[in-house]
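By convention here, the first residue in the shown sequence is residue 1.
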Amino acid sequence: MKTISIVVPCYNEEENVEAMYQAISGVFKRELNKYRYELIFIDNDSADRTREIIRNLCSKDQGVKGIFNAKNFGQFNSPYYAMLQSDGDCTILMAADFQDPVEMIPRYVKEWEDGYKIVIGIKKSSKESKIMYWLRSCYYKMIKKLSDVEQIEHFTGFGLYDKTFIHVLRQLDDPTPFLRGIVAELGFRRKEIPYEQPKRRAGKTSNNFYKLYDAAMLSITSYTKVGLRLATIFGSICSFASMMVALVYLILKLIYWDRFPAGMAPLLIGMCFLGSVQIFFIGLVGEYILSINARIMKRPLVIEEERINFTCDAQEDTDEDLLLMAASMEDGKQR
């Protein structure tokens with residue numbers, strides 16, 4: 001019997017965790033009874049009763065597993081890490097707030113059985129704020145044009161991933177993973193299924209402007225060179241224009257020494273303009289340096305505080321993968 005792993009990242013989802021378990025287990029009983037499920041809840045240091053509920057579910061059902069992070073490691077590292085801990089023939093990543101429809105799971109499995117290594121959901125419409133959906137659309141179109149790798153529009157990470165893809169993820173050793181870009185970059189055969197994103201079932205979203213900005217910057221610095229190229233080109237143009245203006249003013253002053261008023265206004269305007277351009281691009285270059293710094297430090301994706309219902313064999317397999325990865329990297333350095 002094949003095993004399907006379901007990864008559900010959680011952060012303050014006490015109103016949704018048990019309902020999500022009931023919905024997923026119900027789908028397996030009704031439509032996927034030929035498969036065994038492994039349901040992994042990874043909690044990103046929730047401040048409510050989320051962990052208590054997960055512990056209760058784990059005690060009732062050995063197919064439910066829990067990973068409790070020592071602190072909040074962000075909205076990208078936590079689900080990515082949980083996917084690496086999955087042990088199924090395929091792994092499905094979905095949100096705990098029901099904005100990723102549970103009803104899509106059988107469709108994903110069918111396409112997977114038909115030969116697709118990756119099956120993902122694409123938001124064709126959403127019941128969220130129309131303004132937010134429009135802003136997201138603008139962002140996806142922008143990053144798609146700027147990126148060297150063709151990005152997938154309105155893809156949140158919700159989808160099914162074959163165990164061969166999960167094995168590749170284990171070998172990447174990326175401390176700042178951006179799953180949406182990795183799926184587009186690696187080139188596995190994939191099936192895209194459109195769906196309408198429903199409203200959040202309960203609770204309050206943890207997304208805010210800073211987290212959305214962080215996601216945007218991670219995708220830009222990971223998959224585009226346009227920022228640095230734009231800084232170089234635009235800086236060169238501004239420098240040339242400034243030199244030409246300065247030369248023209250010098251010539252006019254020499255020709256019309258007594259009549260030409262070389263005032264401070266042009267000088268101040270030029271200085272303010274060039275200063276603002278420099279500050280903007282210094283900040284942009286800083287974003288790239290920040291991304292490079294995070295990769296150089298090689299910090300772990302997540303530090304676990306506790307895990308529940310994981311067998312020793314699964315943990316040994318994961319440790320073995322990590323050791324093989326480290327040995328491969330060391331061998332590469334020696335060569």
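Going from atom CG of L301 over to atom CD of Q85 covers 9.0 Å, rounded to the nearest 0.5 Å. One finds the CD1 atom of I4 at 10.0 Å from the OG1 atom of T91 (value rounded to the nearest 0.5 Å). The CG atom of L32 sits 11.5 Å away from atom OG of S25, with the distance rounded to the nearest 0.5 Å. I53 contributes atom CD1, which lies 10.0 Å from atom CD of E13 (distance to the nearest 0.5 angstrom). In this structure, CE on M20 lies 7.0 Å from CG on D97, to the nearest 0.5 angstrom. Interatomic distance, CD of Q197 versus CZ of F98, reported as 14.0 Å (0.5 Å rounding).
Looking at residues two or more places apart in sequence or on another chain, you find a side chain to side chain contact (heavy atoms under 4.5 Å, CB included) between I303 and A70, F73, P300. Listed by chain and residue number, nothing satisfies the side-chain hydrogen bond (donor to acceptor under 3.5 Å, both in side chains) test with Q22 (two or more places apart in sequence, or in another chain). For E18, there are no side-chain hydrogen bond (donor to acceptor under 3.5 Å, both in side chains) partners, not counting sequence neighbours. Residues forming a side-chain hydrogen bond (donor to acceptor under 3.5 Å, both in side chains) with N56 (at least two apart in sequence, or on another chain): none. Legend: residues meeting side chain to side chain contact (heavy atoms under 4.5 Å, CB included) with S78, ordered by chain and number and at least two apart, are I42, N44, N69. In terms of the side-chain hydrogen bond (donor to acceptor under 3.5 Å, both in side chains) criterion, residue partners of S46 (sequence neighbours excluded) are, by chain and number, D43. Residues that satisfy the side chain to side chain contact (heavy atoms under 4.5 Å, CB included) test with E52, not counting sequence neighbours, are R49.
C10 approaches T50 most closely through the heavy-atom pair CB-CG2, 3.9 Å. Shown here for N77 and P177, the closest heavy-atom pair between the two residues is OD1-CD, 3.5 Å. Looking at every heavy atom in both residues, G74 comes nearest to P79 through O-CD, 4.4 Å. Pairing each heavy atom of Q62 with each of N309, the nearest pair is OE1-OD1, 3.3 Å. Contact record, I54 with V17: CG1-CG1, 3.9 Å, taken as the closest heavy-atom pair. Nearest heavy atom pair, residue I166 against residue M83, reads CG2-O, 3.5 Å.
Sorted by first and then second residue, the pairs that involve residues 22-42 and meet salt bridge (charged side-chain N to carboxylate O under 4.0 Å, His left out), not counting sequence neighbours, are E38-K65. Listed by first then second residue, pairs satisfying ring pair (Phe, Tyr, Trp, His ring centres under 6.0 Å) with a partner in residues 21-51 read F28-Y37, not counting sequence neighbours.
Looking at I6 and I40, their side chains never come closer than 4.5 Å, going by heavy atoms from C-beta outward. Using a 4.5 Å cut-off on side-chain heavy atoms (C-beta onward), T3 and D87 make no contact. Using a 4.5 Å heavy-atom cutoff, the side chains of V7 and M94 are not in contact. Residues I120 and R190 have side chains in contact (heavy-atom distance under 4.5 Å, counting atoms from C-beta outward). V168 is listed as a side-chain neighbour of F188, based on a closest heavy-atom distance under 4.5 Å. Residues L169 and I182 have side chains in contact (heavy-atom distance under 4.5 Å, counting atoms from C-beta outward). Put simply, the side chain of V8 reaches to within 4.5 Å of the side chain of I24, judged on heavy atoms. Taking the side chain as every heavy atom from C-beta outward, K123 and F155 never approach each other to under 4.5 Å.
Ring pair Y195/F158: centre-to-centre distance below 6.0 Å.
Note that R307 lies in the cation-pi zone of F310, set by a 6.0 Å cut-off to the ring centre and a 45° limit from the axis.
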Result block: side-chain N/O donor-acceptor pairs under 3.5 angstrom for residues 101-112, not counting sequence neighbours:
residue	atom	partner	partner atom	Å
Y108	OH	G121	N	3.1
K110	NZ	D114	OD2	3.4
W112	NE1	D162	OD1	2.7

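Checking side-chain atoms of E306 against main-chain N and O of F68 turns up no donor-acceptor pair under 3.5 Å. A donor-acceptor contact shorter than 3.5 Å links the side chain of D100 to the backbone of A95. No donor-acceptor distance shorter than 3.5 angstrom exists from the side chain of S86 to the backbone of S5, with no hydrogens or angles considered.
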Start with the C-alpha distance between R189 and Y116, add both sets of side-chain angles, then the distance that settles side-chain contact (heavy atoms from CB on, under 4.5 Å), and finish with yes or no.
-> CA-CA 6 Å; R189 184 172 177 237; Y116 289 98; 3.8 Å; yes
Decide yes or no on side-chain contact (heavy atoms from CB on, under 4.5 Å) for V183 and L179, but give the supporting numbers first.
-> CA-CA 6 Å; V183 171; L179 182 63; 4.1 Å; yes
Step by step, would you call I122 with I193 a side-chain contact (heavy atoms from CB on, under 4.5 Å)?
-> CA-CA 6 Å; I122 304 296; I193 300 179; over 6 Å; no
Do I92 and V119 pass the side-chain contact (heavy atoms from CB on, under 4.5 Å) test, and can you show the C-alpha distance, the side-chain angles, and the key distance before you say yes or no?
-> CA-CA 9 Å; I92 298 175; V119 187; over 6 Å; no
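Comment: K163 engages D89 in a salt bridge, judged by a side-chain N to carboxylate O separation of less than 4.0 angstrom.
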